[in-house]
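As structure tokens, the structure follows; a few thoughts come after it.
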Amino acid sequence: MRTIGIISEYNPFHSGHRYQLEEIRKTFGADCAIVCTMSGNWVQRGDTGIADKWSRTKMALCGGADLVLDLPTLWAASSAETFARGGVSLLDATGQVDTLCFGSEDGQLEPLEKAAEILQTADWQEALRGYLSKGLSFPTARQKAAEALLGDAAACLRHPNNNLGIEYLRAMKDLDSYMMPYTILRVGAAHDDQQDAGGEHVSASYLREQILHGGDSSLTPYLTPEDALELRADPASLAFCTKGVLARLRSMEEADFDALPDSGEGLGRKLYLAVQEADTLEQVYSLTKSKRYTHARIRRMVLWAFLGLTEADRPAAPPYLRVLGFSSRGQQLLKQMKTTASLPIIVKPAHAAKLEPEARRVFDLEARCTRMYDLCRTAFGKEPGKNEYTQNPVRI
């Protein structure tokens with residue numbers, strides 16, 4: 001039986017994700033197992049997941065996944081490179097996943113592999129430093145450095161899913177992963193497309209906007225009726241906790257901002273000054289943003305500041321495999337992982353007590369992040385949130 005791995009956010013799980021899982025089983029066989037490592041309660045764009053990680057896990061399992069593993073906040077709410085490295089590390093550590101599958105705008109592996117190879121070279125690093133020294137943002141400098149070496153073949157780097165795929169390939173190379181890569185052509189709306197053009201699939205960004213601000217408009221066929229109802233019952237957003245975020249940020253000193261990830265090049269000071277006068281999170285972002293600093297980078301820094309995390313908190317790789325949910329096929333995989341996994345497996349919360357000190361430190365940080373997520377829920381104070389130390393995995 002083949003075991004296919006996916007690195008995901010499922011924010012939320014929708015028809016495009018279901019299509020990917022269906023295509024995997026068409027390609028690798030109906031009996032293949034699908035293991036997903038999924039961002040937890042906090043995601044790469046520097047915000048909450050639209051629903052908590054156990055709710056999103058249930059949606060993924062009902063949509064065809066077999067085993068869902070938690071990608072802790074320290075990697076989930078990070079740059080594409082760190083996000084990819086964390087996800088690849090976890091899938092590799094299962095000892096069961098033989099193929100890493102990801103969606104891409106190209107749908108072809110070869111151009112992505114060529115780009116990944118170039119991005120590993122000293123020549124690219126030198127070209128990158130040259131463009132960064134001109135004040136360009138990292139994504140722009142990265143693109144120009146690749147174009148200088150690859151020419152038109154660097155065009156694949158202009159698309160977000162291609163970019164993530166390239167980072168997966170780089171991480172697999174760096175970690176000497178035993179997994180083989182496989183890519184599926186992404187269909188439907190582009191990443192972060194805010195429109196419903198009547199296509200087969202829409203973006204997760206469009207669905208989040210509709211869930212948060214779209215009233216009672218129908219979200220089918222992109223979400224199941226059950227998922228749409230659950231998502232609308234208790235959506236989450238960092239903006240729902242604006243005063244709490246600003247209170248935390250205004251209590252910080254300039255040196256505290258310098259300790260955040262990606263805070264170099266004077267960004268820590270710029271963010272420190274912005275939070276002293278901003279009344280909303282969007283104002284914080286806009287006052288800090290410039291040609292050099294991307295919106296996503298600033299959002300992640302704000303999130304890490306709110307959560308009380310620093311660059312020093314993140315070890316080189318996730319130190320455990322936290323199970324968020326599984327199907328009957330996933331349960332069989334877990335039994336096999338007892339002898340193949342290279343990291344401790346946490347199925348029941350009580351298993352965390354047996355972790356080594358460094359791994360337990362990361363777990364406790366994640367528990368704190370989960371408590372902070374509770375503050376950002378629509379139903380905070382009305383319905384109890386979920387606790388990292390007591391929540392058992394989802395089973396279907």
Side-chain angles (χ1 to χ4, degrees), residues 3-9 35-39 44 69-104 106 108-129 131-132 138-139 141-143 145-146 148-150 153-154 156-157 159-183 261-262 264 296-297 300 311-322 337 340-344 358-359 362:
T3 303
I4 314 303
I6 296 174
I7 301 171
S8 62
E9 288 193 324
V35 179
C36 303
T37 178
M38 186 189 77
S39 299
Q44 196 188 12
L69 304 172
D70 188 20
L71 180 61
T73 301
L74 292 169
W75 291 268
S78 298
S79 67
E81 182 177 358
T82 302
F83 174 87
R85 193 175 187 88
V88 169
S89 295
L90 287 176
L91 293 176
D92 216 45
T94 66
Q96 290 292 318
V97 178
D98 55 70
T99 302
L100 173 62
C101 181
F102 56 90
S104 65
D106 280 16
Q108 299 179 24
L109 200 57
E110 185 177 357
L112 306 183
E113 289 179 324
K114 286 182 178 178
E117 185 176 348
I118 284 294
L119 266 57
Q120 297 289 89
T121 64
D123 287 344
W124 178 78
Q125 291 286 351
E126 182 178 354
L128 176 67
R129 285 192 293 270
Y131 285 111
L132 287 172
F138 179 82
R142 180 178 185 264
Q143 180 70 36
L149 299 174
L150 280 173
C156 63
L157 284 160
H159 304 291
N161 288 279
N162 283 350
N163 259 312
L164 262 181
I166 288 166
E167 292 303 333
Y168 297 152
L169 294 170
R170 294 180 69 195
M172 291 169 72
K173 177 74 172 179
D174 287 344
L175 297 170
D176 194 24
S177 173
Y178 65 88
M179 296 185 293
M180 297 296 294
Y182 183 82
T183 188
D262 301 323
R297 179 178 173 182
R300 287 194 293 268
E311 176 73 35
D313 286 323
R314 183 172 58 211
Y320 54 78
L321 295 162
R322 174 67 190 273
M337 284 167 55
T340 63
S342 58
L343 290 175
E358 175 64 3
V362 173

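Quick note: residue numbers are just sequence positions, from 1.
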Considering all heavy atoms, the nearest L149-D123 contact = CD1-C, 3.9 Å

Should we say atom CD of E113 is surrounded by more than 12 heavy atoms from elsewhere, each under 6.0 Å from it?
-> yes

E126 atom CD, over 12 foreign heavy atoms within 6.0 Å | no

Flag if over 12 foreign heavy atoms under 6.0 Å of CD, E110 | no

Give the minimum heavy-atom separation between L343 and Y320, together with the two atoms involved.
-> CD1-N, 3.9 Å

How many angstroms lie between NE2 in H159 and CG in L164, if you round to the nearest 0.5 Å?
-> 14.0 Å

Is there a side-chain contact between L157 and N162, using heavy atoms and a 4.5 Å cut-off?
-> no

Heavy-atom side-chain proximity of T183 to D106 below 4.5 angstrom | no

Rounded to the nearest 0.5 Å, how far does CD of Q120 lie from CG of D174?
-> 4.5 Å

State which residue, out of D98, D92, I4, T94, fulfils the side-chain contact (heavy atoms from CB on, under 4.5 Å) condition with M179.
-> D92

Just list the side-chain donor-acceptor pairs under 3.5 Å for residues 311-319, sequence neighbours left out, or say none.
from: E311; atom 1: OE1; to: R314; atom 2: NH2; distance (Å): 3.4
from: E311; atom 1: OE2; to: R314; atom 2: NH2; distance (Å): 3.2
from: D313; atom 1: OD2; to: T310; atom 2: N; distance (Å): 2.8
from: D313; atom 1: OD2; to: T310; atom 2: OG1; distance (Å): 3.4
from: R314; atom 1: NH1; to: L74; atom 2: O; distance (Å): 3.0
from: R314; atom 1: NH1; to: S78; atom 2: OG; distance (Å): 2.8

Are the side chains of R142 and Y131 in touch, meaning some heavy atoms are under 4.5 Å apart?
-> no

Considering all heavy atoms, the nearest L71-G86 contact = CD1-C, 3.7 Å

Q125 to L119 - nearest heavy-atom pair and separation | NE2-O, 4.3 Å

Any side-chain heavy-atom pair of R300 and S79 under 4.5 Å = yes

Does the E9 side chain pair with the main chain of Q44, one donor and one acceptor, at a distance under 3.5 Å?
-> yes

First locate atom CD1 of I166, then atom CZ of F102, and finally report the distance between them rounded to the nearest 0.5 Å.
-> 8.5 Å

Quick one: are L150 and W124 in side-chain contact, heavy atoms under 4.5 Å?
-> no

Interatomic distance, Y182 atom OH to S104 atom OG [nearest 0.5 angstrom] | 10.0 Å

Working to the nearest 0.5 Å, report the span between OG1 of T37 and CG of L321.
-> 8.5 Å

Residues E167 and R170 bridged, charged N to O under 4.0 Å | yes

side-chain contact (heavy atoms from CB on, under 4.5 Å) between L112 and Y168: does it pass, once the steps are laid out?
-> CA-CA 10 Å; L112 306 183; Y168 297 152; over 6 Å; no

Compare every heavy atom of L175 with every heavy atom of R85, then report the nearest pair and how far apart it is.
-> NH2-CD2, 3.6 Å

Taking every heavy atom of L128 against every heavy atom of A145, the minimum-distance pair comes out as N-CB, 3.6 Å

Spacing of D70 atom CG and M38 atom CE [to the nearest 0.5 Å] | 7.0 Å

